[in-house]
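Some notes on the structure that comes next.
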Amino acid sequence: MESQPSTPPASPESESALLAVRREKLAKLEAAGINPWGGRFDTSHSIAQIRDSFSEGLQVRAAGRVTACRDMGKTLFFDLSDLEARFQCFFNAKNVPEDTFSTFKNLVDIGDWVGVEGETFITKTGEPSIKVTSLTVLSKSLRPMPDKWHGVADREIKYRQRYLDLMANQRSREVFILRSRMVAEIRTWLQDRGFLEVETPMLQAVPGGAAARPFETFHNALGQPFFLRIAPELYLKRLLVGGFTKVFELNRNFRNEGISRRHNPEFTMLEAYWACADFRQMADLVEDLVCHLAEKFIGSLLIEHKDADGNVTRTIDLSRPWQRTPYRDLLRSIDPLWFDYSPEQRRTRCAELGVEISPAMEDYEVTQQVFEKLIEEKTFNPCFVTHVPAELVPLARQNPDDPSIVDVYELIINGVEISPGYSELNDPIVQRQRLEHQAGEETQKVDEEFLLALEHGMPPAGGIGIGIDRLIMMLTGCDSIRDVVLFPQLKSKD
RNA sequence: GGGCAGUUAGCUCAGUCGGUAGAGCAGCGGACUUUUAAUCCGUUGGUCCUGGGUUCGAGUCCCAGACUGCCUACCA
């Protein structure tokens, strides 16, 4: 790199007249002895508090972003906004010193942060407002805000510059506030039921607990490769061995797989384990939790998904009790003779049913494909699928009466699997066989330290996982995971 | 990985048969002391994603690439 001159290099942006104007205003503020970058500003109320508990004649101090301005000459009305609320400020030349008025009028832009002080009142047209008597510049915005009416429509800008989406699109703000409150509520709800929240390694020497490709990294001091976890399961079970009887972890998993409307490489998973419980109790737990969230935050067990025009496109009915149906019964609803056919006949039926399969698939995978395409993707109201074939779930306990199936449920809502729940396998000898069988197929390593822990005795337990992103999608009606993850993974530019 | 679509002013979007690059909002100048998508008058602003090609002439047609979206594949 050659040494650069002290002035920043000219970029296409720096040539824009819009940006030049803002820089000019910045310089004028500084020249007038006004710090354009503010500092501590003590507020008496949040904007939402002023709005929600409005009374006239109240002296208030509030801070926010200027999001609209209606200039009437000697009076101007501007909107002061933060994440939660918007409130109108009434700014009149006779209420403030002349230099304050001209400063605002000439040098403050939509997008700037300001602090105001004044008295609340109601305008002639009935709008609750603050009659501003003092104004403080808190931060100058050097770039224009998105379109005030359309907001940010460009998906790429929404995701890469989420702050623009948040400042311009109310629905986005609502979804992320709702997500935060729901996640907090999940933690409180579980803690109230005696579950301890724990944190287990995200860097794992052997990535276990699921069958997905991991991200690989390297620890320099140890001279050893590590993997970002694909699931916390095997560590949470070590805690059961150690005597924790009710634990959960709610945090990020990482899977090095395709990205889609329903998949982000890093996603949030709740896993909970309950010693001496079984999958039926775990199903009850999930049903209780999801209904609680819906009632508390949506105010109904009927979840309406709407399109851009506000038309209801789908209604999910969470009314209890939720359907519980064995896997094989669901397949027999597609074809009563499904399990009487030979594997070859099942492949033939797939072609007739319009389900694509590959020749490499095992027989159980052919059946699973039919399940996914013709049942899962078409099931929107909650359905616990039970008595799943053992091949599909290597970490669950086999059914005592029928070893070909395992004691698990898979909860489907909104056409996707939202939560699996197991009666966990605690027999270390059977567990080793099943992991080694799986490892053979997937060329994965077996977590020997996990098996060692099991040999010390893990209590029988119920376990669940809940895909938090998908749960939030279902409850908020978002049809892409990118709309419920603040910064979804995108390919880097350049 | 494969298929389809998109990329034009700061934002939201038009752009017909290949013939001078358009609107609304934002911005800038002006009017207005109760507006709220304020209004009214005037006005600035373009690497038409990038690179090739065809053509007298390309935002427009062709080829390659980038990024994004949707579908698909992979994915307990």
Side-chain angles (χ1 to χ4, degrees), chain A residues 11-13 15-22 24-25 67-79 86-95 101 106 109-111 121-129 131 141-161 164-165 167-169 208-214 230-231 233 253 255-265 267 269 356 358 364-365 368 372-373 376 388-396 406 408 410 416-417 419-420 422 438 441-442 465 467 479-480 482 488 490-494:
Chain A
S11 62
E13 287 88 347
E15 290 158 13
S16 156
L18 266 141
L19 303 185
V21 166
R22 296 254 173 153
E24 212 172 287
K25 290 180 178 181
T67 51
C69 188
R70 296 172 287 281
D71 182 354
M72 306 292 297
K74 293 218 166 50
T75 293
L76 46 87
F77 299 86
F78 64 90
D79 290 345
R86 175 206 73 85
F87 203 78
Q88 176 169 278
C89 294
F90 173 88
F91 196 66
N92 186 298
K94 76 180 180 196
N95 297 326
F101 188 78
N106 298 321
D109 287 300
I110 289 173
F121 77 111
I122 295 179
T123 63
K124 264 187 211 165
T125 54
E127 176 87 4
S129 307
K131 189 175 289 175
S141 163
L142 298 180
R143 288 173 184 270
M145 272 191 66
D147 187 280
K148 70 176 173 185
W149 189 240
H150 301 96
V152 178
D154 186 305
R155 311 279 280 193
E156 192 170 353
I157 295 175
K158 260 173 93 79
Y159 302 146
R160 284 192 200 275
Q161 296 178 273
L164 294 177
D165 177 45
M167 72 175 81
N169 297 8
R213 285 171 59 195
I230 55 177
E233 175 159 352
N253 288 346
R255 296 187 183 178
N256 201 344
E257 308 279 1
I259 294 175
S260 79
R261 226 154 43 86
R262 298 191 183 85
H263 299 84
N264 195 53
F267 62 101
M269 176 82 109
E356 284 184 38
S358 80
Y364 76 88
E365 291 174 309
Q368 176 65 5
E372 283 177 13
K373 295 296 169 195
E376 181 171 285
V388 175
E391 298 94 327
L392 295 170
V393 191
L395 293 167
V406 283
V408 309
E410 286 183 0
V416 293
E417 188 186 333
S419 165
Y422 304 168
Q438 183 195 22
E441 287 175 350
E442 309 281 339
D479 58 10
S480 171
R482 296 180 185 97
L490 300 180
K491 192 161 184 175
S492 299
K493 292 219 158 189
D494 304 321

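A note on names: the letters A, B, ... follow the listed sequences, proteins ahead of strands, and every chain is numbered from 1. Side-chain atoms are counted along with the backbone in the values below, which use heavy atoms only and exclude waters and symmetry mates.
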Could you state the atom-to-atom distance from CG of A:Leu18 to P of B:A26 in whole Å?
-> 12 Å
Can you find a pair of side-chain heavy atoms, one from A:Val406 and one from A:Tyr422, that are under 4.5 Å apart?
-> no
Using atom C1' of each nucleotide, how far apart are B:G6 and B:G59 to the nearest Å?
-> 14 Å
At under 4.0 Å between heavy atoms, what does A:Gly465 touch on the DNA or RNA strands: base, sugar-phosphate, or nothing?
-> nothing
Would you classify A:Leu76 as touching base, sugar-phosphate or nothing, given that sugar-phosphate means primed atoms plus P, OP1 and OP2, and contacts are heavy atoms under 4.0 Å?
-> nothing
Determine the interatomic distance between P on B:U35 and the same-named atom on B:G29; round to the nearest Å.
-> 24 Å
Figure out the CZ/P separation between A:Phe101 and B:U33, and round it to whole Å.
-> 10 Å
Side chains of A:Glu127 and A:Phe90: closer than 4.5 Å at any heavy-atom pair?
-> no
So what does A:Glu127 touch, heavy atoms closer than 4.0 Å: a base, only the sugar-phosphate, or nothing?
-> base
B:C4: pairing nucleotide in any strand, Watson-Crick or G-U under 3.5 angstrom | B:G69
Nearest-Å distance once atom P is located in both B:U20 and B:U39 = 33 Å
Please round to the nearest 0.5 Å and tell me the distance separating atom NZ of A:Lys25 and atom OG of A:Ser141.
-> 10.5 Å
If you take atom types as modelled and just measure distance, does the side chain of A:Thr75 reach the base of B:U34 with a donor-acceptor pair under 3.5 Å?
-> no
Determine: side-chain N/O of A:Arg213 to OP1/OP2 of B:C74, distance under 4.0 Å, yes or no.
-> no
Which whole number of Å gives the distance between the C1' atom of B:C48 and that of B:A14?
-> 13 Å
Polar side-chain contact A:Gln88-B:U35 base: donor and acceptor under 3.5 Å | yes
Nearest nucleotide by nearest heavy atom, which residue falls closer to the 5' end of RNA chain B, A:Val393 or A:Arg482?
-> A:Arg482
Provide the distance between the two C1' atoms, one in B:U60 and one in B:U55, to the nearest whole Å.
-> 13 Å
Do the side chain of A:Gln88 and the main chain of A:Pro128 share a donor and acceptor less than 3.5 angstrom apart?
-> no
The reported gap from CG in A:Asp79 to CZ in A:Arg86 (rounded to nearest 0.5 angstrom) is 4.0 Å
Gap between atoms NE2 and C1', on A:His263 and B:A73 respectively (whole Å) = 11 Å
Spell out yes or no: do the side chain of A:Asp147 and the base of B:G10 have one donor N/O and one acceptor N/O closer than 3.5 Å?
-> no
Please give, in whole Å, the distance from B:C49 P to A:Arg155 CZ?
-> 21 Å
From B:C28, B:C11, B:C13, nucleotide with atom closest to A:Ala153 side chain = B:C13
5′-ward residue of the pair A:Cys69/A:Lys74 relative to RNA chain B = A:Lys74
At under 4.0 Å between heavy atoms, what does A:Asp71 touch on the DNA or RNA strands: base, sugar-phosphate, or nothing?
-> base
Can you tell me how far the CZ atom of A:Phe267 sits from the CD1 atom of A:Ile230, to the nearest 0.5 Å?
-> 9.0 Å
Using Watson-Crick geometry (N1-N3 plus N6-O4 or O6-N4) or G-U wobble (N1-O2, O6-N3), each under 3.5 Å, B:A64 is paired with B:U50
Please work out if A:Phe90 contacts a base, only the sugar-phosphate, or nothing of the nucleic acid, heavy-atom cut-off 4.0 Å.
-> base
With both distances kept under 3.5 Å, what pairs with B:G18, Watson-Crick or G-U wobble?
-> none
So, A:Phe91 versus A:Phe77, ring centres under 6.0 angstrom or not?
-> no
Measure the distance from CG on A:Asp154 to P on B:C25 and round it to the nearest whole Å.
-> 21 Å
When you check the phosphate oxygens OP1 and OP2 of B:C25, does a side-chain N or O of A:Lys148 lie under 4.0 Å from one of them?
-> no
Take atom C1' in B:G42 and the same atom in B:C61, then report the distance between them in whole Å.
-> 40 Å
Output yes when at least one side-chain N/O atom of A:Arg70 is less than 4.0 Å from OP1 or OP2 of B:A38, else no.
-> yes
Once you apply the 3.5 Å cut-off to both distances, tell me the Watson-Crick or G-U wobble partner of B:G27, or none.
-> B:U43
Proximal nucleotide (of B:A38, B:C75, B:G27) relative to the A:Ala212 side chain = B:C75
Checking all strands, does A:Arg22 fall into the base, sugar-phosphate, or nothing category for heavy-atom contacts under 4.0 angstrom?
-> nothing
Side chain to side chain, A:Asn92 and A:Lys74, heavy atoms closer than 4.5 Å = no
Tell me which nucleotide among B:C74, B:C32, B:C11 gets nearest to the side chain of A:Glu257.
-> B:C74
Using a cut-off of 4.0 Å on non-hydrogen atoms, how would the nucleic acid contact of A:Lys25 be classed: base, sugar-phosphate, or nothing?
-> sugar-phosphate
Closest to the A:Glu156 side chain, choosing from B:A37, B:C67, B:G27 | B:C67
Can you check whether A:Gly465's main-chain N or O pairs, donor with acceptor, with A:Ser419's side chain at less than 3.5 Å?
-> yes
Quick note, A:Thr123 side chain, CB onward, closest among B:U35, B:G69, B:C67 is B:U35
C1' spacing across the pair B:U33 / B:U8, given as an integer number of angstrom = 42 Å
Please confirm whether any donor atom in the side chain of A:Thr125 sits under 3.5 Å from an acceptor in the base of B:U34, or the reverse.
-> no
Rounded interatomic separation in angstrom, taking CZ from A:Arg262 and P from B:C71 | 7 Å
How long is the line joining CD1 of A:Ile157 and P of B:G69, in whole Å?
-> 13 Å
A:Tyr159 OH to B:G6 C1': how many Å, rounded?
-> 15 Å
Could you please name the partner base of B:U34, counting Watson-Crick and G-U wobble pairs only when both distances are under 3.5 Å?
-> none
Taking the same atom, P, in B:G18 and in B:G10, what whole-Å distance lies between them?
-> 28 Å
